[in-house]
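Inspection log for the structure reproduced underneath, given as structure tokens.
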Amino acid sequence: MPSNSSRPSPTQRLLSTSQLIYQGAEAKVYKAYLGDCELRQKAENVDNDDCSVIEDVAVVPVLLKYRFNKRYRHPSLDASLTRQRIAGEARALMRCLRSGVNVPGVRMVDTTDGVLGLEWIEGQPVRVLLPGGSEEVQNSDGTEGVGPNTCGDTALAELGVERDDLLDMIGVEIAKMHLADVIHGDLTTSNMMLRRRSKDLVLIDFGLAYHSTLVEDKAVDLYVLERAFASTHPDAEPLFSSVLASYEKRLGKHWPAIKKRLNDVRLRGRKRSMVG
């Protein structure tokens, strides 16, 4: 963990007492509890320019995404990139929240220590709720799935949700996100959660998200999800078609331009596949 002095910062102390639940190439994910008064005081000292924001929180579980130092990069460049990516992810989430998109709430942002604190989502990754995806039992944010022996329909029945309703929710949330001009950048069924209690669909993992009004970017976002469906879920075409139908309905007059560009993106993808 980064340190500018011998005395650890409140964020560093919080990380040291948190439970590591996942480690990827870019970040470590922890489960923690925001009960440290000093930490809350620091987090509340906000500045809109660096996107340091915090919501009023009680002592409840939060997800901490810690972007650790990359030794292969120059320290100054690494610190700058970390600040930009933490702030960028927080901005995308805040933009989504203001537009009514179901995403995790932002609990704290510390660009100096490279930590983003998010609402802890109790639920299941959509990947394990659809056919073919139940073999993956842990999501990239550390949340556990239903296990390798539980089929998607059984898991959905346990949650009291129909498959068609789930696919409809996926299309609606992506449409709301695109109407807010936020591009996710990594749309897969692993980056969607179904809340256990409210049965809401939540989009997660905005580490590659950015703001864009371009039809091309929104079409590519959809194409990434289509390829994710095809690679993860058998008989993916009718599943993704249901998602697109819901997306189209929510998008309204904006859909024809995106549909045309999506067809162009598909054609380019097929050409690349043939060329190799």
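Note that these values count all heavy atoms, side chains included, but never hydrogens, waters or copies made by symmetry. In what follows, residues are counted from 1 in the order of the sequence shown. For clarity, every value in this text was computed on a predicted model and none was experimentally measured.
Atoms CD1 and CD1, from I183 and I174 in turn, are 11.0 Å apart once rounded to the nearest 0.5 Å. Atom CG of L167 and atom CD of E162 lie 11.0 Å apart (nearest 0.5 Å). For the atom pair K218 NZ and L179 CG, the distance stands at 6.5 Å (nearest 0.5 Å). D164 CG to M169 CE: the interatomic distance, rounded to the nearest 0.5 Å, is 11.0 Å.
The main-chain N or O of C96 is never found under 3.5 Å from a side-chain atom of S99 such that the two would form a donor-acceptor pair. Here the side chain of D186 pairs no donor or acceptor atom with the backbone of D205 at under 3.5 angstrom. K199 places no side-chain N or O within donor-acceptor distance of the main-chain N or O of V161, the cut-off being under 3.5 Å. For the pair K70 (side chain) and E26 (backbone), a donor-acceptor distance under 3.5 Å is present.
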Residues 244-255 side chain polar contacts: donor-acceptor under 3.5 Å, at least two apart:
residue: S246; atom: OG; partner: D168; partner atom: O; Å: 2.6
residue: S246; atom: OG; partner: D168; partner atom: OD1; Å: 3.0
residue: S246; atom: OG; partner: V172; partner atom: N; Å: 3.4
residue: Y247; atom: OH; partner: H178; partner atom: ND1; Å: 2.7

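Side chains of S80 and Q84: a donor-acceptor N/O pair is present below 3.5 angstrom, by distance only. Donor-acceptor pairing under 3.5 Å is lacking for the side chains of N102 and D200.
When the ring-ring contact (aromatic ring centres under 6.0 Å, His included) test is applied to F229, the partners found at least two apart in sequence or on another chain are H233, F240.
Each of T112, L64, D110 was checked for a side chain to side chain contact (heavy atoms under 4.5 Å, CB included) with T11, and the lone residue meeting it is D110.
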